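Start at 1 and go down the list; that is how both ligands and their atoms are numbered. Basis for what follows: all heavy atoms, side chains included, without hydrogens, waters or symmetry-related copies. This one's a predicted model, so the numbers in the text were calculated from it and none came from an experiment.
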Amino acid sequence: MAEQYQFPDGFDWGVATASYQIEGAWKADGKGEGIWDRFSHTPGNIHDDTTGDEACDFYHRYEEDIRIAKELGIKVYRFSISWPRIFPDGTGNVCEAGIEFYRRVLECLHKNGIKGAVTIYHWDLPQKLQDRGGWANREIVGWFEDYVKVLYARLGDLVDTWITLNEPYCSSILGYWLGGLAPGYHDYSAALEAVHNLLLCHGTAVREYRKSGLKAEIGITLNMNMSYPFDPDSKEDAEAAKLNQLQANNLFGDPIYLGTYPEELFTYLKKKGVVLPEIKDGDMELISQKIDFFGLNTYFTDHVKKDPSVWPLEGVSLKTGRPHTDADWEVNPQGMYDLLTWIHGRYKPQKLIITENGAACNDWINLEGKVEDPNRIDYIHRYLMEVHKAIKAGVPVAGYYVWCFCDNFEWAWGLSRRFGIVYVDYKTQKRTPKESAYWYAGIIKQNGF
Ligand code: IFM
């Protein structure tokens, strides 16, 4: 008989989304311009020349999406708040229509018996704040404080779980150094400045939350992945893999859980001429306040080869011949187990939620009107087996959210990459649950497989 994979009672089976990727309505009802509006409207930035102007039109269609989520038995719906929908100018006047929209979404979720997990920042910074330096300007800590206070006061009674930031690695290293994401800069020192300011904002959000007296849980979502040496026998590859992992994982996990930046990485970067961020008295205490859960996003593993031509880390991640998804990310489920046990060993979070995992596939509607996506099912199935193994090994994983509920605007890849378990026809906005959606519904029903 096949092995049974039973998950702990009360396991939170969810789906995840993000404001800019699904909402559309980019200037409706007083919303201000965000950095992704600016970035996607700038020719050459988005691979298929699309924008998030309309995306999945969740702004007008949230009731339909939540109804589908209910039919599938989804327990948690993760979405994010668009900062420029609340503060069109970044600071100053609050846009009431923005607040009302998110209240309607949360009320609709509750009416359908679904919990709302809210990400405070998932990459759509008001453009007016970018014009003042964005994440590289420490003043952002005050702007963020004003923003979170409004969210707690106006939405706090309806939110079940708060996530301060989504993937600060992407907002800093990808946005300020590698440049593939907004604002599209190439300055490593500014990226490190952004790291520190993002983490200060995370700490500020936690501090203000505790002061608010609200009782839901609050945590952060970090994207992490294991880095292995490309050649397991090469000392040089092992060193490059270590640096890669220090930048991807420890740079964020260590300050939050251990109250310190990874010394080895900072010493190395300094030697390479990188200007390190100024750390003021009290910063690390603010950043490392106790949080209620560790939110993990993970999709792939890195296999790093030493390459001295690549400044500053001198490594490149290479393909190993494993199968890959439509996002060109290699499928390596073992990485999920290795990562969960690594996080558990190093940081010992009291609770872990996988706030994103999933696969982009080349989906289409077939002649029978169905979307058959066996590769996505296989991907999620294999990764969940590793999650289960980690739970059995003592890692306190309490939830798993599929990325994504529906196909959406995949940042620099535009509408060309489909991650959803629900298919979206962008011309008609018609939703079609894929085979993976029904398969996932079955897992939720049985709390396992
Ligand atoms: O679409 C993104 C999401 O916004 C953040 N995590 C990874 C997903 C897939 O690339």
*Give a yes/no on ligand 1: does H122 have at least one heavy atom closer than 4.0 angstrom to it?*
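The answer is yes, since H122 has a heavy atom less than 4.0 Å from ligand 1.
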ask   = Is it the side chain (CB and beyond), the backbone, both or neither of W329 that lies under 4.0 Å from ligand 1, heavy atoms counted?
value =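 Contact part for W329 vs ligand 1: side chain (C-beta onward).
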TODO: Over all heavy atoms of both residues, which pair between A240 and G315 is shortest? Give the atoms and the distance, please.
DONE: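 Taking every non-hydrogen atom into account, CB-CA, 4.2 Å.
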Show every salt bridge (charged side-chain N to carboxylate O under 4.0 Å, His left out) that has at least one partner inside residues 396-409, sequence neighbours left out.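 As it turns out, the salt bridge (charged side-chain N to carboxylate O under 4.0 Å, His left out) pairs with a partner in residues 396-409, which skip direct neighbours, are D407-R418, D407-K434.
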Q. Which residue pairs pass the salt bridge (charged side-chain N to carboxylate O under 4.0 Å, His left out) test when at least one of the two sits in residues 422-431, sequence neighbours left out?
A.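 Every salt bridge (charged side-chain N to carboxylate O under 4.0 Å, His left out) pair that includes a residue of residues 422-431, provided the two are not neighbours, is D65-R431.
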Compute the shortest N/O to N/O distance between Q21 and ligand 1 and return yes if it is under 3.5 Å, no if not.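 It does: an N or O of Q21 is found under 3.5 Å from an N or O of ligand 1.
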- Item | Nitrogen or oxygen of N166 less than 3.5 angstrom from that of ligand 1 |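 No; the residue has no nitrogen or oxygen that sits under 3.5 Å from a nitrogen or oxygen of the ligand.
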query: Are Y337 and W342 close enough that a side-chain donor and a side-chain acceptor fall under 3.5 Å?
result: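 Note: Y337 and W342 side chains miss the donor-acceptor criterion.
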Within the 4.0 Å heavy-atom shell around E167, which atoms of ligand 1 are there?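 Those qualifying, in numeric order: 5 (C), 6 (N), 7 (C).
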**Asked** Nearest protein heavy-atom contact for atom 7 (C) of ligand 1: which residue, which atom, what distance?
**Response**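 That would be E356 OE1, 3.2 Å.
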Minimum-distance protein heavy atom relative to atom 1 (O) of ligand 1: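 The protein heavy atom lying closest is E410 OE1, 2.6 Å.
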- Donor-acceptor pair, D48 side chain versus L415 backbone, under 3.5 Å?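 At least one qualifying donor-acceptor pair exists.
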### Query
Counting N and O atoms only, with roles assigned by atom type, does the side chain of E208 sit under 3.5 Å from a partner on the main chain of D146, one being a donor and the other an acceptor?
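Not a single qualifying donor-acceptor pair exists.
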